[in-house]
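Accompanying notes for the structure given below.
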Amino acid sequence: MDEFRNFIYDIVDEDLRKNPDLKIHTRFPPEPNGYLHLGSAKAIMINYDVAKKYGGVFNLRYDDTNPTREDTEYVDSIYKDICWLIGEEPSGGVFYGSDYFDLCFEYAVKLIKDGKAYVCDLSKEDVIEYKGTDRAEASRVSPYRDRTVEENLDLFYRMKNGEFPEGSHTLRAKIDPSNPNTYLRDPIIYRIKYAHHHRQGDKWCIYPMYDFAHPIQDATEGITHSLCSLEFENHRPLYEWVVDNIGIEKKPKQREFARINVTYTTVSKRYLRQLVEQKIVDGWDDPRLPTLFALRRRGFTPSSIMSFVRSAGVSKSNNLVDIRMLEACLRDELNENAPRRVCILHPVKVVIDNLPEGYEETFELPNHPQHPEMGTRKVKFTRELYIDEDDFALDPPPKFFRMKKDGEVRLMGAYIVKCSEIVQNGDGSVKELHCTADLESGNGNPVDGRKIKGTIHWLSANDALDTTVKLYDRLFTLEDLSQAETDENGNALYFNYLNPESLITVEHAKIEPSLGTAQVGDRFQFVRTGYFCKDSKYENTFNRIVSLKDSFKC
RNA sequence: UGCGGCAUCGCCAAGCGGUAAGGCAACGGACUCUGACUCCGUCAUUACCUAGGUUCGAAUCCUAGUGCCGCAGCCA
């Protein structure tokens, strides 16, 4: 784990040096307004790993302070995704920011009583206008800033009791209208919203703002390190102001890191939602999406995603991490674990001429060439076989070590064969290939010791099963989506960069019989092809998680 | 514009005044019944955004620039 150290650990180490009794406590606080994705995975990893490394505790807390944006659909998916990702339940438990609404209210009352908050009657437009367009100048002071404690208390309770319409009043922290950091210019900490809350129902018509609620949530749960992304760095002084002024003894510390960007994709919830709603993709679990839901369906392992975000590192600089790093993490893992199987994507029939009709022989193939303990399975060898069309060439390029006219090639785990005749269809495509097997090479090695350069995979035509295989590629053609063109309103035109070949469906691929019992979610290496996972959504379908590396260049 | 942040190999990223880790990618080669895996090698030397300065010594300290990102919701 030390190989993944970063500046956050330095901060925690220093805090521990000053206070050896500190019990490290972190949290991941998603707003339940969308599905978790690779960016979330990074935030989860950082908070989870810090807690883990120091023997601390890690909470999941839904940041659900804005009822108009949130939904239980997301609450459920987030819980499922995070448990899947880290392989356990959050050690500290699951919490809801909205469960602290009473507490937030009490703290707000305390601030009022301390003369540190006031009810403001300025409209939304006026608030903006008072702040001014030139932020170098101080804000105009709200005319309601000097209301008495009694008046503020009365008004705030009446806000709570639903006596005022939305937008008519806010509660503001009395901090500093001329502070260069505009977050400190008497920020609004409570607003009126007549909205049904997914968890609190209609109990409230006033809701605390993030900047007020979040530090209270952290402090209440005993969070020691509130690790979030860089865009909250400007909020830190306000976070600290709240912590200092609500009068809590154990003060959490907020620190920020850069969020992750990944090539050829976006984790913008807004655009993800558009892709789903406009049915450009097949739901939130479309295997081309960067959501954890989708990555899971595609077949990525949670550990490969964790090692991806760990190896991408944690810093404060803008970054664009190569998606191939994620693929490398997956290959690393599955190369070790995934049983090998045969799948012929584009079958071409091969007839072994020197074998009689009805001939049948059984070969035992290892499930993993480097791990004999993973066992073997039996496959049938018959007169008629399938090979992949890519493994034959009518007009072979140089160094084509596969099947070609008059060339010898090894059928993996079986005989060495020589192609003697090519039967073509009317359009010139290959109908079938006729071969002669060297029947003495049954273990794959020629008796005379001659070298056979190529080995290809094959299946008996007698018992091969039909399946559908889905080959996925990047959803977008633009490497850095932050460079996408924008329209006049500044909206990125991601849809101009959709990759038309992001999904290729192969019908009637052939798989070996042992794959007939594969369970949803099972992962295999289809030999010489890639890593595949049995799909959870469609029957008899395999998703390509990632291809094998291929250094063959014609 | 104001405030905040960041700038080290194609992409991430270590480095915390003592002479540029590692990963991904790429490129050679060995091995191979997966053109996979594995292994070996190459891959920052008027070098660490630029220009000055301090120092015996600077990616690391100072000064002045430049570039990029974020924020400027009664969103989180």
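Predicted model, so just to flag it, every value in this text is computed and none were measured. Every chain is numbered from 1 and lettered A, B, ... according to where its sequence line falls, protein lines coming before strand lines.
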Using a cut-off of 4.0 Å on non-hydrogen atoms, how would the nucleic acid contact of His235(A) be classed: base, sugar-phosphate, or nothing? base
Using the six-membered ring wherever Trp is involved, compare the ring planes of Phe105(A) and Trp204(A) and label them parallel, tilted or perpendicular (cut-offs 30° and 60°). tilted
Tyr130(A) ring centre to Arg140(A) NZ or CZ under 6.0 Å, with the angle to the axis within 45°? yes
Closest heavy-atom contact between Ile192(A) and Pro165(A)? CD1-O, 3.6 Å
Closest nucleotide among G70(B), C75(B), C68(B) to the Asn318(A) side chain: C68(B)
Rounding to the closest angstrom, what is the interatomic distance between A76(B) and C39(B) at atom C1'? 50 Å
Can a side chain N or O of Arg191(A) be found less than 4.0 Å away from OP1 or OP2 on A76(B)? yes
Which of these nucleotides, C12(B), A26(B), C74(B), is closest to any side-chain atom of Lys549(A)? A26(B)
I'd like the C1' distance from G29(B) over to A14(B), given in whole Å. 30 Å
side-chain N/O Ser317(A) vs A13(B) OP1/OP2, d < 4.0 Å: yes
If only side-chain N and O atoms of Thr455(A) are considered, is one of them under 4.0 Å from the OP1 or OP2 phosphate oxygen of G35(B)? no
Taking atom P in both A64(B) and G5(B), compute the distance separating them and give it to the nearest angstrom. 16 Å
What distance, rounded to whole Å, do you find between the two C1' atoms, one in C43(B) and one in G4(B)? 37 Å
Test applied, side chain to side chain contact (heavy atoms under 4.5 Å, CB included); reference residue, Asn47(A); option that passes from Thr26(A), Leu60(A), Ile8(A): Thr26(A)
Taking the chi torsion of G73(B), is it syn (within 90° of 0) or anti (everything else)? syn
Under 5.5 Å between ring centres and under 30° between planes: true for Tyr210(A) and the base of A76(B)? no
Ring-plane angle category for Phe524(A) and Phe526(A), please: parallel below 30°, perpendicular beyond 60°, tilted otherwise. parallel
Name the nucleic acid region contacted by Gln525(A), choosing base, sugar-phosphate or nothing; use a 4.0 angstrom heavy-atom cut-off, strictly under. base
Once you apply a heavy-atom cut-off of 4.0 Å, does Thr68(A) come out as touching a base, just sugar-phosphate, or nothing? nothing
Of A14(B), C24(B), A76(B), the nucleotide closest to the side chain of Glu231(A) is A76(B)
Parallel, tilted or perpendicular: ring planes of Tyr96(A) versus His198(A), cut at 30 and 60 degrees: tilted
Heavy atoms under 4.0 Å, any strand shown: does Arg236(A) hit a base, just sugar-phosphate, or nothing? nothing
Name the nucleic acid region contacted by Pro369(A), choosing base, sugar-phosphate or nothing; use a 4.0 angstrom heavy-atom cut-off, strictly under. base
Assert: residue with more 5' nearest nucleotide on RNA chain B, out of Lys124(A) and Arg331(A), is Arg331(A)
A13(B) phosphate, OP1 or OP2: any side-chain N/O from Ser315(A) under 4.0 angstrom? yes
Regarding the side chain of Asp322(A), the nearest nucleotide among C3(B), C37(B), C11(B) is C11(B)
Within the structure, does a side-chain N or O atom of Ser551(A) lie under 4.0 Å from either OP1 or OP2 of A36(B)? yes
Please pick, from C74(B), C12(B), A36(B), the nucleotide with the shortest atom-to-atom distance to any side-chain atom of Val321(A). C12(B)
What is the nucleic acid contact for Leu184(A), judged by heavy atoms within less than 4.0 Å: base, sugar-phosphate only, or nothing? nothing
Taking only side-chain N and O atoms of Arg528(A), does any of them lie within less than 4.0 angstrom of OP1 or OP2 on G35(B)? yes
Within the pair Lys269(A) and A76(B), is there a side-chain N or O less than 4.0 Å away from OP1 or OP2? no
Kindly determine whether Ile223(A) and Asn59(A) satisfy side-chain contact (heavy atoms from CB on, under 4.5 Å), including the steps that lead there. CA-CA 9 Å; Ile223(A) 301 301; Asn59(A) 293 2; 4.0 Å; yes
Using atom P in both nucleotides, what's the gap between G41(B) and U54(B) to the nearest angstrom? 43 Å
Of the listed G35(B), G70(B), C75(B), the closest approach to the Arg69(A) side chain comes from C75(B)
How far, in whole Å, is U60(B) from C49(B) if one measures between their P atoms? 8 Å
In whole angstrom, give me the gap between the C1' atoms of G17(B) and G10(B). 30 Å
For the side chain of Tyr183(A), starting at C-beta, report the closest nucleotide among A76(B), C74(B), G35(B). A76(B)
